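Read the structure below first, then the notes.
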Amino acid sequence: MPDAPEKKRPFDTYPMRVEKTTLISPRIRHIVFKFKDGKNMPFTAGQFVQMVIPQPDKPRRTSYSIASPPLHPDFFELCVTLVDGGKSSTYLHNLREGDEIQAIGPFGKFVLPQPLLRDITFIATGSGIAPFRSMINDLLHKGAPRNLSLLFGNRFPEDIIYDDEWKALAQKHGDKLRVLHTLSRPPASWPGEKGYVQDKIEGFVKDAAARDFYICGLVKMIEGVVEKLKSLGVTEDHIHFERYD
Ligand SMILES: Cc1cc2nc3c(=O)[nH]c(=O)nc-3n(C[C@H](O)[C@H](O)[C@H](O)COP(=O)(O)OP(=O)(O)OC[C@H]3O[C@@H](n4cnc5c(N)ncnc54)[C@H](O)[C@@H]3O)c2cc1C
């Protein structure tokens with residue numbers, strides 16, 4: 001008998017409880033959502049969920065990259081930038097521990113190839129770091145077969161989220177992971193790199209054309225980075241990105 005045509009898998013809805021919510025930069029909140037009713041959601045690092053945001057008329061579904069690696073079956077974490085006048089980001093920032101919300105997913109193809117054949121450079125600004133926190137922790141946990149480098153751009157020093165984690169990971173996995181921060185509006189006391197991420201790529205990776213690049217954040221940054229990478233000889237099939245706007 002011939003196989004039945006493959007049915008498109010419907011995405012599951014998961015009732016979640018807010019386990020912890022922490023303001024980790026002036027505008028970004030890190031939120032831990034715990035699965036209720038013993039359910040869990042298998043996902044691949046880099047994927048996103050849609051959070052169901054109640055509204056007076058019809059609830060809206062808003063996408064957020066999962067910021068935690070898939071190593072933990074009973075929870076996932078998001079980092080959410082508060083957008084001025086933003087309905088979903090304001091709702092999520094106002095959630096308190098114990099509150100309940102629904103999540104749908106997992107979605108997206110912004111994931112790493114298996115096996116990993118080339119070194120990878122991740123480039124993010126702001127909460128665009130979320131999928132890379134998931135991917136990098138997942139890869140390092142599994143023993144990362146290739147070298148990883150992360151270029152993270154922010155405006156001010158206080159905007160650098162998960163800074164302690166990056167320091168600890170780079171220290172523990174110095175042979176596998178390099179991290180470079182750059183600030184676009186640094187104070188005079190900032191000892192590190194200054195300027196936009198696209199202007200730091202050449203200095204950070206010498207063999208751009210031999211790598212794969214994963215970029216995440218707002219479209220203006222992504223466009224600037226893609227243009228730069230092309231000028232460095234990186235072909236489109238080695239440039240992958242996730243747009244937040
Ligand atoms: C695949 C995917 C993953 C995403 N992951 C994350 C994530 O991990 N963390 C995160 O914080 N956001 C993420 N986003 C963005 C998120 O989905 C929302 O767009 C964002 O939170 C704004 O929603 P809102 O309802 O608060 O704003 P809205 O009420 O929809 O918009 C309010 C105003 O803000 C503008 N605006 C919309 N989005 C942004 C933005 N991102 N930055 C600045 N201005 C904006 C709109 O043009 C509008 O004028 C992701 C988006 C996609 C597509």
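Every value quoted in this text rests on a predicted model; they were computed, and no experiment measured them. Each ligand, and each atom within it, is numbered from 1 in the order the structure gives.
- Around atom NZ of K172, no more than 12 heavy atoms belonging to other residues, nucleotides or ligands sit under 6.0 Å away.
- When all heavy atoms of E158 and S25 are compared, the pair lying nearest together is O-CB, 3.4 Å.
- Checking C79, A130, G128, G217 against atom 9 (N) of ligand 1, the nearest heavy atom belongs to C79.
- Between D84 and ligand 1, not a single N/O pair is under 3.5 Å apart.
- Between E242 and ligand 1, no pair of N/O atoms sits closer than 3.5 Å.
- Considering each of I66, D245, V83, T62, the one bringing a non-hydrogen atom nearest atom 18 (C) of ligand 1 is T62.
- With a 4.0 Å cut-off on non-hydrogen atoms, I53 does not touch ligand 1 at all.
- Listed here is the closest heavy atom pair of D99 and N94: OD2-O, 4.5 Å.
- Atoms of ligand 1 lying under 4.0 Å from at least one heavy atom of R60, given by number and element, are 25 (O), 29 (O), 30 (O).
- Considering all non-hydrogen atoms of both residues, D175 and N147 come closest at O-OD1, 3.2 Å.
- In the hydrophobic clustering of ILVMFWY residues, with side-chain heavy atoms under 4.5 Å counting as a link, I136 and I24 come out together.
- Nearest protein heavy-atom neighbour of atom 32 (C) of ligand 1: G86 CA, 3.8 Å.
- Across the listed options S88, A67, S65, S65 owns the non-hydrogen atom lying nearest to atom 5 (N) of ligand 1.
- For the pair D199 and K194, the salt-bridge criterion is not met [side-chain N within less than 4.0 Å of a carboxylate O].
- With 3.5 Å as the limit, one finds no donor-acceptor pair spanning the side chains of Y64 and S127.
- Considering only non-hydrogen protein atoms, atom 21 (O) of ligand 1 sits nearest to Y64 OH, 2.7 Å.
- Put simply, atom 48 (C) of ligand 1 has no protein non-hydrogen atoms near it, under 4.0 Å away.
- Every atom of ligand 1 is numbered from 1 in the order shown, and the set under 4.0 Å from a heavy atom of V80 is 11 (O).
- Between F152 and H181, the angle of the ring planes lies from 30° to 60°, which puts this pair in the tilted group.
- When hydrogens are left out, the protein atom nearest atom 29 (O) of ligand 1 is K87 N, 3.0 Å; that is the closest non-hydrogen contact.
- Residue contact check for ligand 1: L78 places no non-hydrogen atom closer than 4.0 Å to it.
- Within the 3.5 Å criterion, the main-chain N or O of R211 finds a donor-acceptor partner in the side chain of R118.
- Ranking the protein heavy atoms by distance from atom 41 (N) of ligand 1 puts L218 CD2, 3.7 Å first.
- For atom 17 (O) of ligand 1, the closest non-hydrogen atom of the protein is S63 O, 2.6 Å.
- K87 approaches Q55 most closely through the heavy-atom pair CD-OE1, 3.2 Å.
- What sits closest to atom 11 (O) of ligand 1 on the protein, heavy atoms only, is T81 N, 2.8 Å.
- Distances from atom 38 (N) of ligand 1 to the protein include no heavy-atom value under 4.0 Å.
- Selection from G85, P131, S127, S89 by nearest heavy atom to atom 26 (O) of ligand 1 gives S89.
- For F43 and F48, the distance between ring centers is not under 6.0 angstrom.
- Of the candidates F110, Y244, F48, it is Y244 that places a heavy atom closest to atom 4 (C) of ligand 1.
- Interface atoms of ligand 1 facing R243, defined by a heavy-atom separation under 4.0 Å, are 52 (C), 53 (C).
- Nearest heavy-atom pair, S184 versus Y196, reported as atom, atom and distance to 0.1 Å: CB-CE2, 3.8 Å.
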